[in-house]
Amino acid sequence: MAGGTGVPGAPPGLLEAVVFSGGEPTLHNALPIAIREVKAMGFKVGLHTAGPYPARLTRLLPHLDWVGLDVKGRGRDFDRICGRPGIWQRNSQSLMALLESGIDFECRTTVHWRDFDLADVERLALTLADCGVRRYAIQVARTRDCLDPTYCQPVAGAPPRAMLAGLVKRLAPNFERIELRE
C-alpha cells in the first residue's frame with residue numbers, strides 16, 4: 001500500500017510484511033503459529049525456502065502471500081551443490097505445489113562459478129521456464145565469507161558480468177520477470 005503499511009493503526013511507511021527466512025524456516029515447528037500470528041496483526045507474509053519439506057510448504061501456502069524458492073541447480077547438480085542426496089526431488093515437489101497454488105512466488109539461483117558454467121545457468125533457467133516459472137532471479141554468489149575456503153578464491157575462466165547480463169537478456173522472453181542480482 002503506497003504511503004502506508006496496510007496495517008490498521010500502524011505508522012505509515014514502517015512495515016508492510018514479514019518474511020520468514022534464514023537457514024531453512026520450514027524446519028521450525030513453530031513456523032505455522034508465527035505465520036498465523038503475523039497475519040492476525042494484518043501483515044502480509046512471505047517465506048524464503050529451498051523447498052526441502054514440500055508437505056510442510058503445502059500446508060503453509062494458504063497462509064502466505066509470497067514465496068521465494070531457492071533452486072540450487074538441475075537434478076543431481078542440485079544434490080551435489082547442496083551436499084544432500086535426493087534433495088532435488090523435494091525441491092521439485094515444492095515447485096509443483098507453488099505452481100498449483102497460484103500464490104505469488106519467484107525462483108532464484110545463486111550462481112558460484114565453481115558449481116556452474118554459463119551453459120548450466122541457461123539450461124536451469126530454461127527448465128524452470130518450461131515448468132511454468134514466470135519470475136526468476138539469478139544471484140551472483142558473494143565469495144568473501146564462504147565457509148569453504150576454496151569458494152573464496154577466484155575461479156579461472158569465470159564468465160564476466162557482461163556475459164551473464166547478456167544471458168539474462170536472451171532469457172527474458174521466457175519469463176514475465178527475470179533479473180540479475182549482485
Side-chain angles (χ1 to χ4, degrees), residues 15 17-31 34 45-54 56-57 60 64 66-95 97-98 104-131 133-172 174-182:
L15 191 63
V18 173
V19 177
F20 291 90
S21 65
E24 178 51 52
T26 60
L27 274 170
H28 301 284
N29 291 331
L31 182 62
V45 177
L47 175 71
H48 289 180
T49 181
Y53 304 104
R56 292 179 191 178
L57 176 62
L60 294 171
L64 298 172
W66 177 85
V67 174
L69 181 67
D70 293 331
V71 180
K72 313 251 185 229
R74 287 178 73 232
R76 286 184 173 60
D77 286 337
F78 192 115
D79 291 355
R80 177 184 51 76
I81 292 166
C82 288
R84 291 182 60 197
I87 198 76
W88 74 269
Q89 290 102 333
R90 294 182 192 175
N91 179 270
S92 181
Q93 292 169 1
S94 291
L95 175 58
L98 282 166
D104 189 23
F105 77 97
E106 78 170 16
C107 288
R108 63 289 221 37
T109 300
T110 301
V111 174
H112 192 293
W113 298 117
R114 289 202 182 282
D115 295 321
F116 290 90
D117 61 28
L118 212 51
D120 294 329
V121 176
E122 184 170 14
R123 278 190 297 274
L124 175 57
L126 291 173
T127 298
L128 291 171
D130 286 347
C131 288
V133 171
R134 306 289 19 113
R135 293 175 202 90
Y136 186 48
I138 298 170
Q139 306 173 149
V140 178
R142 296 182 202 137
T143 58
R144 185 179 61 241
D145 298 320
C146 293
L147 294 176
D148 181 338
T150 61
Y151 277 76
C152 294
Q153 303 302 315
V155 177
R161 186 202 181 283
M163 286 183 77
L164 189 54
L167 173 62
V168 168
K169 188 174 181 177
R170 284 194 316 278
L171 291 168
N174 298 285
F175 295 94
E176 181 181 300
R177 187 184 80 228
I178 183 169
E179 61 184 285
L180 175 58
R181 296 180 184 153
E182 297 185 70

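Quick note: numbers below take in every heavy atom, side chains included, and nothing from hydrogens, waters or symmetry partners.
With sequence neighbours excluded, the residues that form a salt bridge (charged side-chain N to carboxylate O under 4.0 Å, His left out) with Arg108 are Asp70, Glu106. The side-chain contact (heavy atoms from CB on, under 4.5 Å) check on Asp77 picks up Arg80, with sequence neighbours excluded. When the salt bridge (charged side-chain N to carboxylate O under 4.0 Å, His left out) test is applied to Glu24, no partner is found at least two apart in sequence or on another chain. Under the rule for a ring-ring contact (aromatic ring centres under 6.0 Å, His included), the partners of Phe175 that lie at least two apart in sequence or sit in another chain are Tyr136. Evaluation of the salt bridge (charged side-chain N to carboxylate O under 4.0 Å, His left out) rule for Arg134 yields no partner, not counting sequence neighbours. The ring-ring contact (aromatic ring centres under 6.0 Å, His included) search around Phe105 returns none, not counting sequence neighbours. Here Asn174 pairs with nothing under the side-chain hydrogen bond (donor to acceptor under 3.5 Å, both in side chains) rule; sequence neighbours left out. For Thr127, the side-chain hydrogen bond (donor to acceptor under 3.5 Å, both in side chains) partners are Arg74, not counting sequence neighbours. Residues passing the salt bridge (charged side-chain N to carboxylate O under 4.0 Å, His left out) test with Asp104, sequence neighbours excluded: Arg135.
Taking both residues in full, the closest heavy atoms of Leu147 and Pro149 are given as O-CD, 3.3 Å, listed atom of the first, atom of the second, then distance. The shortest heavy-atom contact between Val67 and Leu64 is CG2-CD1, 3.7 Å. The two atoms that bring Cys152 and Cys146 nearest to each other are SG-O, 3.5 Å, heavy atoms only. Nearest heavy atoms, Lys72 versus Phe78: N-CE1, 3.1 Å. The minimum heavy-atom distance between Arg56 and Thr26, with the atom names listed, is NH1-O, 2.9 Å. Smallest separation of non-hydrogen atoms from Ser94 and Gly51: OG-O, 2.8 Å.
Using a cut-off of 4.0 Å between Lys/Arg side-chain N and Asp/Glu carboxylate O, Arg123 and Asp120 are scored as salt-bridged.
At distances below 3.5 Å, not a single donor-acceptor pair connects side-chain atoms of His28 with backbone N or O atoms of Ala30. Of the possible donor and acceptor atoms, none in the side chain of Thr109 sits under 3.5 Å from a partner among the backbone N and O of Ile138. The main-chain N or O of Ala50 is found under 3.5 Å from a side-chain atom of Asn91 such that the two form a donor-acceptor pair.
Inter-residue side-chain proximity for Leu57 and Gln93 is flagged as unmet; no heavy-atom pair is nearer than 4.5 Å.
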Compile the donor-acceptor pairs under 3.5 Å between side chains in residues 156-171 and protein atoms, sequence neighbours left out, one pair per line.
{"from": "Arg161", "atom 1": "NE", "to": "Glu182", "atom 2": "OE2", "distance (Å)": "2.2"}
{"from": "Arg161", "atom 1": "NH2", "to": "Glu182", "atom 2": "OE2", "distance (Å)": "3.1"}

Donor-acceptor list for residues 82-89 side chains, cut-off 3.5 Å, not counting sequence neighbours:
none

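With respect to Leu47, the side chain to side chain contact (heavy atoms under 4.5 Å, CB included) criterion is satisfied by exactly one of Leu31, Val18, Leu69, Val19: Leu31.
Sorted by first and then second residue, the pairs that involve residues 140-149 and meet side chain to side chain donor-acceptor pair (under 3.5 Å), not counting sequence neighbours, are Asp148-Thr150.
One distance of note links SG of Cys131 with CG of Leu95; it measures 5.5 Å at 0.5 Å rounding.
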